[in-house]
Undergrad: 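Once you've had a glance at the structure underneath, I'll fire off some questions.
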Protein chains: 2
Amino acid sequence: MKKIDILKKLRSSGLRPTKQRVEIAKFLFEREKTFHFTVESLNKFFTKKSASKIALATIYNTVHAFKTAGHLSEVEVRGNKTYFDTNVSNHHHFYDSDTSELIDIDVNDIIIQKIPKAPNGKKIKNVEVFINLKN
Amino acid sequence: MKKIDILKKLRSSGLRPTKQRVEIAKFLFEREKTFHFTVESLNKFFTKKSASKIALATIYNTVHAFKTAGHLSEVEVRGNKTYFDTNVSNHHHFYDSDTSELIDIDVNDIIIQKIPKAPNGKKIKNVEVFINLKN
DNA sequence: TTTCACTTTAGAATAATTATAAACTAAGAT
DNA sequence: ATCTTAGTTTATAATTATTCTAAAGTGAAA
């Protein structure tokens, strides 16, 4: 994803393209493959890449802003840290608790044949399949 | 589940049946249906039922001991609090984020037709289907 | 009953996240 | 180009969930 597209992406979702947001967006979206991260890992990256330290609060703000705008999705993983995913399409996950590693599963690689009806006046928003791995 | 069974349940899993553990176990397991709770809700119950205040640390200890013994399972729900489930059989969940309510789905009510192979030398430990609800 | 490893407890410590409020800045108006 | 201001960033404090600590308490085997 090119710089111009990053600016477009931000502006089109009502986010002013500040220096910090552009930097974070470049890091997250200027790559071939989607990936998973935590606020901690993002922060570590920007701390080490000390040329441009971004405040931790800004990283939280930005990640949440991106999530609200639909540019990131949140993945639930047992444990305390919150994982984010730059893959915002509907998909599933393997989780390896040994390495704390998340692996995407294409939505077409899982077919659900039977599913229960949603309860009382509710509707199904989405279905997430989470496959825990062991050795 | 009767008192005698509770004592048996504790002892058979190597847990000394202390006053606190028995009280918590009675509250969790002496009921018809399985249910979901958080450490916070459990603690609230024992605080109000002031006859027998149990230390918060004890509630954490006990819940984890029960989980390790296989008497409770942990459910992953987006957000910060950890949910536990007295239903330790293999099953799935509806989650209503409006009310933060979890609803069990019997394992037989979901049939998965196609599932990907586990990656590199890993095996599938279990498959959890999480259905998010909306209005 | 004595003993001791296992437990409970209050409170401190840690960790992830959110709130605060002062300083800063993108971008439309002048 | 400069001014203005609402939206942002920042350091720091606050909050929340959970774990740690170490002292006091207690089942249960001998």
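Side-chain atoms are counted along with the backbone in the values below, which use heavy atoms only and exclude waters and symmetry mates. Lettering follows sequence order; numbering is per chain, from 1.
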Undergrad: For B:F94, check ring-ring contact (aromatic ring centres under 6.0 Å, His included) against everything at least two apart and list the hits.
TA: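 None.
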
Undergrad: Tell me the interatomic distance from B:I54, atom CD1, to C:dT9, atom C1', rounded to whole angstroms.
TA: 12 Å

Undergrad: What is the distance, to the nearest angstrom, from the CG atom on A:N61 to the C1' atom on C:dC24?
TA: 15 Å

Undergrad: What is the distance, rounded to the nearest whole Å, between atom CZ of B:F46 and atom P of C:dT9?
TA: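 It works out to 11 Å between those atoms.
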
Undergrad: How close or far is atom P of D:dT9 from atom NZ of A:K53, stated in whole angstroms?
TA: 14 Å

Undergrad: Nearest whole Å is fine: how far is C:dA23 C1' from A:Q20 CD?
TA: 13 Å

Undergrad: Does one side chain, of A:N135 or B:K123, offer a donor that lies under 3.5 Å from an acceptor on the other?
TA: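 Side chains of A:N135 and B:K123: no pair found under 3.5 Å.
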
Undergrad: Side chains of A:D85 and A:N87: is there a donor and an acceptor less than 3.5 Å apart?
TA: no

Undergrad: Just jot down the ring-ring contact (aromatic ring centres under 6.0 Å, His included) partners of A:H36, sequence neighbours excluded, or say none.
TA: A:H93

Undergrad: Can you measure A:R21 atom CZ to D:dT8 atom C1' for me and round it to whole angstrom units?
TA: 6 Å

Undergrad: Spell out protein contact along nucleotides 23-30 of chain D as letters: B when the base is contacted, S when just the sugar-phosphate is, - when no protein heavy atom is under 4.0 Å; keep the 5' to 3' order.
TA: ---BBS--

Undergrad: May I ask you to say whether A:D96 pairs ionically with A:K134, meaning some side-chain N is under 4.0 Å from a carboxylate O?
TA: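 No, no charged N to carboxylate O under 4.0 Å.
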
Undergrad: Write down the distance between CD1 (B:I24) and P (C:dT9), rounded to a whole number of angstrom.
TA: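 Distance check: B:I24 CD1 to C:dT9 P gives 9 Å.
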
Undergrad: Specify whether B:F84 and B:F37 have parallel, tilted or perpendicular ring planes, treating 30° as the upper limit for parallel and 60° as the lower limit for perpendicular.
TA: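 Taking B:F37 first and then B:F84, their aromatic rings lie parallel (interplane angle under 30°).
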
Undergrad: How close or far is atom P of C:dA16 from atom CD of A:E74, stated in whole angstroms?
TA: 15 Å

Undergrad: Determine which pairs satisfy ring pair (Phe, Tyr, Trp, His ring centres under 6.0 Å) with at least one residue from residues 99-129 of chain A, sequence neighbours left out, and list them in order.
TA: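 Passing the test, one end in residues 99-129 of chain A: no pairs.
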
Undergrad: Which atom pair, heavy atoms only, marks the closest approach of B:N132 to A:E128?
TA: ND2-OE2, 2.7 Å

Undergrad: Where do N or O atoms of nucleotides 18-21 of chain D meet protein N or O atoms at under 3.5 Å, pair by pair?
TA:
| from | atom 1 | to | atom 2 | distance (Å) |
| --- | --- | --- | --- | --- |
| D:dT18 | OP1 | B:T82 | N | 3.3 |
| D:dT18 | OP1 | B:T82 | OG1 | 2.7 |
| D:dT18 | OP2 | B:Y60 | OH | 2.9 |
| D:dT18 | O5' | B:Y60 | OH | 3.3 |

Undergrad: side-chain contact (heavy atoms from CB on, under 4.5 Å) with A:K114: which residues, sequence neighbours excluded?
TA: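 A:K114 satisfies side-chain contact (heavy atoms from CB on, under 4.5 Å) with B:D109, B:I111 only.
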
